[in-house]
Amino acid sequence: PGQGGMAIRDHPPMHRRDRMEIILERDGGACVWCGRRFEGLVAATTEHVVPRIKGGPRWLENEVAACRRCNGQRGHRTLGDWLDECERRGWEPRRDVIVRSLETLRAAIAIRGGQRRARRYLDSQLRRLRR
């Protein structure tokens, strides 16, 4: 198994609900950015750690759970920039979950190959977040 107890392999196509269940089990039941629990009116969405626009794959290793508000407000900001913004707002973002996701994604890319566009972004964000 890979980091976080998840095996790094290609997953068969899954329904969105099944993907979210796996992500919530792995990362916990709160938004990775603001910490709000997913209950009542706070719905969970999947957030791509390496954005699709930066070449991020549609793999579980590239997804974390975020509330709709945070997912929408992050927009195209880098992980480091959005983490800084969340902290300025007085939130407690889960840096450990983000870093673990990047490391797991890096390992998955090493095994599966490809994802050239995502690698530079991934590496630059890992360097920044590990400081």
Side-chain angles (χ1 to χ4, degrees):
Q3 293 176 342
M6 298 271 318
I8 297 173
R9 63 183 186 288
D10 286 322
H11 295 278
M14 280 188 248
H15 291 287
R16 188 175 181 174
R17 181 176 40 224
D18 296 334
R19 292 176 75 79
M20 183 56 72
E21 190 175 304
I22 290 169
I23 292 165
L24 291 174
E25 183 179 316
R26 179 190 68 202
D27 299 338
C31 177
V32 72
W33 302 117
C34 69
R36 292 190 305 167
R37 303 278 320 150
F38 298 123
E39 50 195 34
L41 297 176
V42 180
T45 63
T46 56
E47 168 94 58
H48 289 97
V49 179
V50 176
R52 302 279 304 136
I53 197 164
K54 298 286 188 184
R58 288 188 173 126
W59 298 350
L60 284 171
E61 294 87 357
N62 192 36
E63 296 176 335
V64 293
C67 69
R68 289 189 192 284
R69 176 189 69 185
C70 289
N71 197 338
Q73 289 183 8
R74 176 184 171 200
H76 294 299
R77 294 183 225 196
T78 66
L79 293 173
D81 289 346
W82 183 236
L83 259 165
D84 290 346
E85 175 62 24
C86 292
E87 289 171 347
R88 272 194 294 279
R89 294 179 182 195
W91 301 342
E92 295 181 14
R94 298 279 317 274
R95 182 179 297 262
D96 61 320
V97 172
I98 300 299
V99 169
R100 185 187 69 225
S101 182
L102 288 169
E103 289 170 343
T104 303
L105 178 58
R106 177 191 269 170
I109 290 171
I111 291 168
R112 296 181 197 163
Q115 310 306 318
R116 284 189 1 220
R117 283 184 52 218
R119 289 177 192 211
R120 265 185 42 195
Y121 178 89
L122 188 157
D123 290 341
S124 71
Q125 294 306 300
L126 262 175
R127 278 192 304 275
R128 180 172 178 186
L129 295 178
R130 286 180 174 157
R131 285 189 222 156

- [ ] Run through Leu126, Val50, Leu102 and flag the one making a side chain to side chain contact (heavy atoms under 4.5 Å, CB included) with Leu79.
- [x]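 The single option meeting the side chain to side chain contact (heavy atoms under 4.5 Å, CB included) with Leu79 is Leu102.
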- [ ] Check each of Leu122, Leu105, Ile109, Thr46 against Asn62 using the side chain to side chain contact (heavy atoms under 4.5 Å, CB included) test, and report the only one that passes.
- [x]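 Only match with Asn62 under side chain to side chain contact (heavy atoms under 4.5 Å, CB included): Leu105.
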Looking at [atom1] of [X] and [atom2] of [Y], how far apart are the two atoms once the value is rounded to the nearest 0.5 Å?
X	Y	atom1	atom2	result
Asp18	Met20	CG	CE	11.5 Å
Asp96	Ser101	CG	OG	11.0 Å
Glu63	Glu47	CD	CD	10.0 Å
Thr104	Arg26	OG1	CZ	7.5 Å
Arg17	Glu21	CZ	CD	9.0 Å
Trp33	Asn71	CH2	CG	9.5 Å

Can you tell me if [atom1] on [X] sees more than 12 non-hydrogen neighbours from other groups inside 6.0 Å?
X	atom1	answer
Arg120	CZ	no
Arg116	CZ	no
Arg52	CZ	yes

Task: Heavy-atom pair with the smallest gap, counting every atom of Gly80 and Leu129 - done: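 Smallest interatomic distance, heavy atoms only, reads CA-CD2, 4.0 Å.
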TODO: List in chain and number order the residues that pass salt bridge (charged side-chain N to carboxylate O under 4.0 Å, His left out) with Arg16, two or more places apart in sequence or in another chain; answer none if no residue qualifies.
DONE: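 For Arg16 there are no salt bridge (charged side-chain N to carboxylate O under 4.0 Å, His left out) partners, ignoring immediate neighbours.
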Task: Val42 reachable from Val32 in the ILVMFWY side-chain graph, under 4.5 Å edges - done: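 No, separate clusters.
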Task: same_hphob_cluster(Val99, Leu83) at 4.5 Å side-chain heavy-atom cutoff - done: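 Looking at the clustering, Leu83 is in the same group as Val99.
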Note: [X]-[Y] ion pair, threshold 4.0 Å (strictly below):
X	Y	value
Arg89	Glu85	yes
Arg77	Asp84	no
Arg95	Glu87	yes

- [ ] Keeping the roles fixed (side chain from Thr45, backbone from Ala65), state whether a donor-acceptor pair exists under 3.5 Å.
- [x]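 Side chain of Thr45 to backbone of Ala65, a donor-acceptor pair under 3.5 Å: no, none is there.
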- [ ] Answer yes or no: is there a donor N or O on one side and an acceptor on the other, between the side chain of Arg119 and the main chain of Arg106, under 3.5 Å?
- [x]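 Checked: no pair found.
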- [ ] Mind running side chain to side chain contact (heavy atoms under 4.5 Å, CB included) on Val49 and Gln125 for me, showing each step along the way?
- [x] CA-CA 10 Å; Val49 179; Gln125 294 306 300; over 6 Å; no
Task: Side-chain heavy-atom pair Pro93, Trp82 within 4.5 angstrom cut-off - done: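 Contact flag for Pro93/Trp82 side chains = no.
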Open item on the list: Which residues pass the side-chain contact (heavy atoms from CB on, under 4.5 Å) test with Arg69, not counting sequence neighbours?
Closed with: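 Applying side-chain contact (heavy atoms from CB on, under 4.5 Å) to Arg69 gives Cys34, Arg36, Cys67, Gln73, Trp91.
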